[in-house]
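Here is the structure we will look at, set down as structure tokens.
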Amino acid sequence: QQQVKQSPQSLIVQKGGISIINCAYENTAFDYFPWYQQFPGKGPALLIAIRPDVSEKKEGRFTISFNKSAKQFSLHIMDSQPGDSATYFCAASMKGTYKYIFGTGTRLKVLA
Amino acid sequence: NAGVTQTPKFRVLKTGQSMTLLCAQDMNHEYMYWYRQDPGMGLRLIHYSVGEGTTAKGEVPDGYNVSRLKKQNFLLGLESAAPSQTSVYFCASSYGLAGGGNEQFFGPGTRLTVL
């Protein structure tokens with residue numbers, strides 16, 4: 001019940017295409033859902049985050065879609081660029097807790 | 001600001017050897033974390049600290065010890081390294097609880113190989 005399930009494990013997209021990464025959770029007590037981006041040889045860095053009181057959040061080409069009833073959320077990268085090639089982690093946390101539960105990661109490769 | 005720094009960047013150990021990984025942050029964060037990253041397993045929390053002088057176990061604490069003698073430093077120790085501890089280790093820090101939506105800032109990682 002503490003898991004966050006992430007798919008796909010890897011993704012190849014053509015430049016200009018849309019990249020979609022999905023995550024699902026069971027624990028309805030989760031109330032904060034960030035996405036972290038990790039470039040090769042670097043540590044993860046916060047990309048975008050959402051709370052369950054909204055269904056969508058957009059920052060530039062990156063959008064989180066949130067479906068509370070289905071307990072799913074996804075990251076959409078519009079007009080994907082080779083510079084977006086990285087590993088993406090979804091995560092979840094609940095109020096009062098010290099840690100994030102991370103998904104297993106998706107390795108995205110955007111072809112030029 | 002340097003953010004979160006980790007030393008060393010790479011290390012090769014033989015089974016049974018010991019070593020200490022150092023994490024330092026200059027953001028005056030209360031919370032610090034040690035994760036390990038393995039292929040297909042995401043980021044798993046080893047130990048964490050909610051303030052100077054405090055430490056607690058995470059999901060995978062066995063074989064590791066930690067200390068937080070100074071607010072800005074968080075040390076991860078391996079007393080007797082095993083091949084199963086071959087991994088990339090990340091330190092992170094945050095101003096407040098993850099549950100409060102506080103961003104965790106990660107260091108660049110230490111790649112450890114145990115032969």
Side-chain angles (χ1 to χ4, degrees), chain A residues 1-11 21 23-25 27-54 57 59 64 66 73 86-107, chain B residues 2-7 9-10 21 23-25 27 29-51 54-61 68 74 88-111:
Chain A
Q1 208 182 21
Q2 284 288 84
Q3 282 186 319
V4 176
K5 295 183 180 180
Q6 184 172 347
S7 63
Q9 190 172 1
S10 62
L11 182 61
I21 304 170
C23 285
Y25 63 97
N27 193 336
T28 56
F30 287 143
D31 66 352
Y32 182 69
F33 302 88
W35 285 88
Y36 278 76
Q37 179 187 53
Q38 182 184 27
F39 292 107
K42 305 292 185 183
L46 179 65
L47 179 64
I48 187 173
I50 197 169
R51 292 195 182 273
D53 53 347
V54 297
K57 184 173 182 180
E59 290 184 2
I64 301 178
F66 189 86
F73 59 109
T87 298
Y88 293 82
F89 293 96
C90 62
S93 67
M94 65 183 82
K95 191 177 294 185
T97 61
Y98 59 88
K99 69 174 184 178
Y100 288 113
I101 307 297
F102 284 93
T104 52
T106 296
R107 183 173 290 186
Chain B
V4 179
T5 57
Q6 293 182 233
T7 53
K9 288 185 169 50
F10 303 93
L21 282 67
C23 175
Q25 52 94 5
M27 296 173 282
H29 285 168
E30 289 292 335
Y31 298 81
M32 296 188 75
Y33 311 82
W34 275 107
Y35 291 92
R36 59 177 291 172
Q37 183 177 19
D38 302 290
M41 303 194 75
L43 293 159
R44 294 184 292 169
L45 185 65
I46 304 171
H47 285 280
Y48 67 100
S49 169
V50 301
T54 73
T55 62
K57 295 180 180 180
E59 303 167 60
V60 289
R68 187 137 178 235
F74 196 27
V88 182
Y89 291 87
F90 288 99
C91 176
S93 71
S94 65
Y95 176 76
L97 289 171
N102 287 283
E103 178 181 356
Q104 289 187 3
F105 294 83
F106 285 80
T110 294
R111 185 174 294 274

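Being a predicted model, the structure only gives us computed values, none of them experimental.
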Exercise for the section: Please determine, among Arg107(A), Gln38(A), Gln6(A), the option with the most heavy-atom pairs under 4.5 Å with chain B. Expected result: Gln38(A)
Practice task
Taking ring pair (Phe, Tyr, Trp, His ring centres under 6.0 Å) as the test, write out the residues that go with Phe90(B), two or more places apart.
Solution key: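 Expected list: none.
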Practice task
Go through the structure and list residues passing ring pair (Phe, Tyr, Trp, His ring centres under 6.0 Å) with Tyr32(A), not counting sequence neighbours.
Solution key: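 Result, ring pair (Phe, Tyr, Trp, His ring centres under 6.0 Å) vs Tyr32(A): none returned.
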Using heavy-atom distances under 4.5 Å, tell me whether [X] contacts chain A through its side chain, its backbone, both, or neither.
| X | result |
| --- | --- |
| Gln6(B) | neither |
| Tyr35(B) | side chain |
| Asn102(B) | backbone |

Handout entry: chain B neighbours within residues 87-94 of chain A, where any heavy atom lies under 4.5 Å away
Key = Phe89(A), Ser93(A), Met94(A)
Fill in the blank from the handout: Listed by number, the residues in residues 94-101 of chain B that come under 4.5 Å of chain A (heavy atom to heavy atom) are Leu97(B), Ala98(B), Gly99(B), Gly100(B), Gly101(B)
Practice task
Kindly give the heavy-atom pair with the smallest separation between Pro44(A) and Leu43(B), and that separation in Å.
Solution key: CG-CD1, 4.0 Å
Handout entry: Least distance between heavy atoms, Leu46(A) atom then Glu103(B) atom
Key =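 Nearest pair, atom of Leu46(A) first, then Glu103(B): CB-OE2, 3.4 Å.
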Problem - Donor-acceptor contact below 3.5 Å, side chain Tyr98(A) vs main chain Tyr31(B) - result: no
Problem - Pairwise side-chain contact, Lys99(A) with Tyr48(B), heavy-atom cut-off 4.5 Å (strictly under) - result: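 Side chain of Lys99(A) against side chain of Tyr48(B), heavy atoms only: no contact under 4.5 Å found.
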Practice task
For the residue pair Phe102(A) and Phe106(B), categorise the inter-ring angle as parallel (less than 30°), tilted (30 to 60°) or perpendicular (more than 60°).
Solution key: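 If you compare the ring of Phe102(A) with that of Phe106(B), the planes turn out perpendicular.
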